[in-house]
Amino acid sequence: MKLVAIPAFSDNYFWLWHQDGHAVVVDPGDAQPVREILSREGLHLAAILVTHHHADHIGGVDELRVATGAKVYGPATENIPEPLIPALPDVPFQLLGQTVQVIDVPGHTAGHIAYFLPDAPQGPVLFCGDTLFSGGCGRIFEGTPAQMLGSLDTLAALPANTRVCCAHEYTLSNLKFALAVEPNNPDLQNYNAHCKSLRAQNLPTLPADLGNELKINPFLRSRTPTVRQSVAEHSGLSVELQNDDITLFAALREWKNNFR
Ligand code: ZN
Ligand code: FE
């Protein structure tokens with residue numbers, strides 16, 4: 001099984017995996033870069049997985065379906081181009097010899113889902129769309145802070161060696177914010193230096209390592225004393241409010257929304 005990040009637009013990645021000449025692509029917001037890799041590598045597109053309804057994730061779905069006959073899986077409750085096979089959390093399915101589990105991760109959008117490959121050969125793989133980013137998380141457009149925190153808690157509980165395939169290269173700007181929240185976190189300082197050098201070589205910082213994210217991503221660390229204290233100070237939360245997990249998480253997300 002080979003896992004490939006296809007860069008697109010200004011900062012998207014369309015993730016593709018292939019095995020024995022067959023491929024699956026996740027969130028193709030544009031057909032062209034996907035068609036290029038399919039023809040260059042001689043791959044047949046078996047399926048398209050969609051995490052949520054935003055245009056930068058579905059813009060290429062129709063063209064790819066018509067060109068290849070690929071089956072399309074996506075969230076049952078969002079407006080995704082038909083015909084669609086609804087991807088449901090209690091119904092795992094098989095693609096190219098891999099078990100695909102569906103995880104509900106509402107928050108960025110109301111019906112956002114993630115796809116998890118628990119048995120992938122070099123360790124589990126997660127395609128999480130715009131829910132979890134390296135060093136950050138998606139903006140809360142349709143859901144609530146409570147939903148987003150619950151979704152991130154679900155993802156944080158996956159195996160630590162999970163490779164996290166995020167849909168955007170937002171890592172450096174996320175880490176700039178993370179360092180404002182936790183300036184003295186040595187793991188964060190080291191990871192920031194590592195990612196800076198990757199980007200200087202025009203290399204992706206992804207997939208991210210879930211175990212590392214637990215050490216550096218403030219949105220997965222909102223209950224740790226350092227993050228809690230930092231957010232409380234920044235947002236002027238009372239002691240009572242700063243001990244409320246959802247209020248604290250909402251204030252952290254709000255801080256990031258306004259951070260430059
Ligand atoms: Zn989105
Ligand atoms: Fe997006």
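One is the number of the first residue; the rest follow in order along the sequence. Indexing begins at 1, ligand by ligand and atom by atom, following the structure's order.
Taking backbone and side chain together, His112 holds no N, O or S atom under 2.8 Å from the Zn ion (ligand 1). For a distance bound of 2.8 Å, the N, O or S atoms of His108 include one lying that close to the Zn ion (ligand 1).
With respect to the salt-bridge test (charged N to carboxylate O, under 4.0 angstrom), the residues Arg35 and Asp30 do not qualify.
Remark: the backbone N or O of Thr51 is not paired with any side-chain donor or acceptor of His57 at under 3.5 angstrom. For the pair Asp11 (side chain) and His168 (backbone), a donor-acceptor distance under 3.5 Å is absent. Between the side chain of Arg228 and the main chain of Gln242, a donor-acceptor pair closer than 3.5 Å is present.
The Zn ion (ligand 1) lies closest to atom OD2 when only the N/O/S atoms of Asp130 are considered. When the N, O or S atoms of His54 are ranked by distance to the Zn ion (ligand 1), ND1 comes first.
A side chain to side chain donor-acceptor pair (under 3.5 Å) check over residues 139-158, counting only residues at least two apart or in different chains, returns the pairs His53-Glu142, Asp153-Arg223. Pairs of residues two or more places apart, or lying in two chains, that qualify as side chain to side chain donor-acceptor pair (under 3.5 Å) and include a residue from residues 80-100 are Gln94-Thr99.
Here Glu182 pairs with Arg221 under the salt bridge (Lys or Arg N to Asp or Glu O under 4.0 Å) rule; sequence neighbours left out.
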Given the rule in the side chain to side chain contact (heavy atoms under 4.5 Å, CB included) test, do Leu16 and Val26 qualify, once you have shown the distances and angles that lead to the verdict? CA-CA 6 Å; Leu16 179 142; Val26 185; over 6 Å; no

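For the Fe ion (ligand 2), protein N/O/S neighbours under 2.8 Å (waters excluded) are Asp56 OD2, His57 NE2, Asp130 OD2, His168 NE2.
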